[in-house]
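Report on the following structure.
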Amino acid sequence: MSRSALLVLADGRFPAGGHAHSGGAEAAVKAGRLRDAADLEHFCRGRLHTTGLTAAGLAAAAALGHDTAALDAAADARTPSPALRTAARRLGRQFLRAARAAWPCPELDALARDFPRGTHQPVVLGTTARAAGLGPGDAAHCAAYETVSGPVTAAVRLLGLDPFHATAVLARLAADTDRVADRATAAAQRVPLGGTDALPAASAPLLDITAEQHAAWPVRLFAS
């Protein structure tokens with residue numbers, strides 16, 4: 001298991017397209033629900049324990065080698081917003097391009113062939129982790145961390161937030177991120193017994209609603 005590969009995969013500079021997405025932060029800023037570092041921490045904590053947990057479970061299951069078609073269908077079922085499903089597949093396509101360049105392997109080639117329009121990003125992330133020699137816990141940690149690091153990075157641009165204060169938010173969320181990743185990994189290990197129903201299906205309805213509103217904006221800084 002390569003810890004260096006884990007660092008590459010979790011690096012915000014990995015060219016997976018995440019920089020173009022705010023994870024709902026842009027809509028929250030416009031609605032006045034996200035104004036400062038304290039609001040950002042609350043926003044990210046809620047996102048981590050809902051969509052983050054769900055994404056981490058899917059990524060861990062993919063890293064374990066579970067059927068990607070079933071996982072893609074499970075991701076669809078857990079993403080009620082059409083705008084977010086589109087964003088997840090767009091991110092999946094971009095992530096897969098970078099992954100195939102970094103860790104070429106038949107599994108990633110098969111994913112590109114079987115899902116020409118893209119599969120959900122957590123499924124790609126987990127499959128990539130497997131290709132890089134990482135385990136399900138590593139994939140879950142990457143997915144969970146990405147769930148909060150994206151909005152934090154976006155908030156620096158949207159609010160002019162002090163980067164030091166933004167990074168402090170991530171540091172304060174570290175223990176929660178670990179717990180979410182561990183819970184997601186445990187759930188993924190139950191898939192052989194319970195199928196994809198064993199995976200987390202936590203939801204954040206307000207994120208779904210604001211994602212649909214955000215997608216209709218004529219001018220926006222972020223794609224989602």
Side-chain angles (χ1 to χ4, degrees), residues 6 9-10 14 16-18 21 23-24 44 46-96 98-99 103 107-108 110-112 114-115 117-132 134-151 176-205 207-208 211 224:
L6 176 59
L9 196 58
F14 188 73
H21 296 261
C44 288
R47 182 169 163 78
L48 175 62
H49 285 278
T50 53
T51 58
L53 175 62
T54 300
L58 290 163
L64 284 167
H66 294 309
D67 181 67
T68 52
L71 294 177
D72 184 72
D76 256 356
R78 288 160 172 76
T79 313
S81 163
L84 289 181
R85 287 198 296 270
T86 298
R89 292 186 182 280
R90 184 181 300 124
L91 282 166
R93 286 196 303 272
Q94 178 67 18
F95 201 110
L96 186 56
W103 297 286
E107 280 185 288
L108 293 175
L111 206 58
D114 296 342
F115 298 94
R117 298 179 63 185
T119 185
H120 283 256
Q121 191 264 7
V123 178
V124 179
L125 191 159
T127 307
T128 302
R130 183 177 174 86
L134 300 172
D138 297 314
H141 271 89
C142 281
Y145 177 73
E146 184 180 60
T147 300
V148 293
S149 63
D176 271 17
T177 303
D178 287 343
R179 284 191 287 269
V180 164
D182 290 344
R183 182 180 169 192
T185 303
Q189 290 168 338
R190 294 193 293 270
V191 169
L193 297 176
T196 56
D197 286 349
L199 294 174
S203 63
L207 285 178
D208 295 322
S224 71

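Values reported hereafter were calculated over all heavy atoms of this structure, with side chains retained and with hydrogens, waters and symmetry mates removed.
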Quick one: does any side-chain atom of T79 pair with a main-chain N or O of A75 as donor and acceptor, under 3.5 Å? yes
Could you check if a side-chain atom of T51 sits within less than 4.5 angstrom of a side-chain atom of L207, using non-hydrogen atoms only? yes
Between F14 and A99, what is the shortest heavy-atom contact and its length? CZ-N, 4.1 Å
Of all heavy-atom pairs linking H66 and A188, the shortest is NE2-O, 3.5 Å
For the student: nearest non-hydrogen atoms of A56 and A140, plus distance: CB-O, 3.6 Å
Taking only Lys NZ, Arg NE, NH1 and NH2, and the carboxylate oxygens of Asp or Glu, determine whether D72 and R85 approach each other closer than 4.0 Å. no
Atom CG of L6 and atom CG of D138: how far apart are they, to the nearest 0.5 Å? 5.0 Å
To the nearest 0.5 Å, how far apart are NE2 in H49 and OG1 in T177? 7.5 Å
Of all heavy-atom pairs linking F95 and A16, the shortest is CD1-CB, 3.3 Å
For a quick test of reading the model, state the closest non-hydrogen atom pair linking A10 to Y145 and the distance between them. O-CE2, 4.3 Å
Please check: side-chain N/O of T54 versus main-chain N/O of A202, any donor-acceptor pairing under 3.5 Å? yes
Under 3.5 Å donor-acceptor, R93 side chain and R117 backbone: yes
For the residue pair L64 and V191, establish whether any side-chain heavy-atom pair is separated by less than 4.5 Å. no
Got a donor-acceptor contact below 3.5 angstrom from the H141 side chain to the G137 backbone? yes
To the nearest 0.5 Å, how far apart are CG in L125 and CZ in R130? 14.5 Å
Using a strict cut-off of less than 4.0 Å between a Lys/Arg side-chain nitrogen and an Asp/Glu carboxylate oxygen, indicate whether D176 and R179 qualify as a salt bridge. yes
Pair T127-T119, side-chain contact (heavy atoms from CB on, under 4.5 Å): steps then yes or no: CA-CA 11 Å; T127 307; T119 185; over 6 Å; no
Under 6.0 Å from the CZ atom of R183, do we count more than 12 heavy atoms belonging to anything else shown? no
Any side-chain heavy-atom pair from P151 and R47 closer than 4.5 angstrom? yes
Looking only at non-hydrogen atoms, find the nearest pair between P82 and P80 and report the distance. CD-O, 3.3 Å
Say whether, by atom type as modelled, one donor and one acceptor occur between the side chain of R190 and the main chain of G195 under 3.5 angstrom. no
So NE2 of H120 and OG1 of T68: to nearest 0.5 Å the spacing works out to 12.5 Å
Pair E146, Q121: side-chain N/O donor-acceptor within cut-off below 3.5 Å: yes
Nearest 0.5 angstrom please: L91 CG to L84 CG, how far? 10.5 Å
Taking the side chain as every heavy atom from C-beta outward, state whether T86 and R90 have any pair of such atoms under 4.5 Å apart. yes
Distance (rounded to the nearest 0.5 Å) between L111 CG and T128 OG1: 7.5 Å
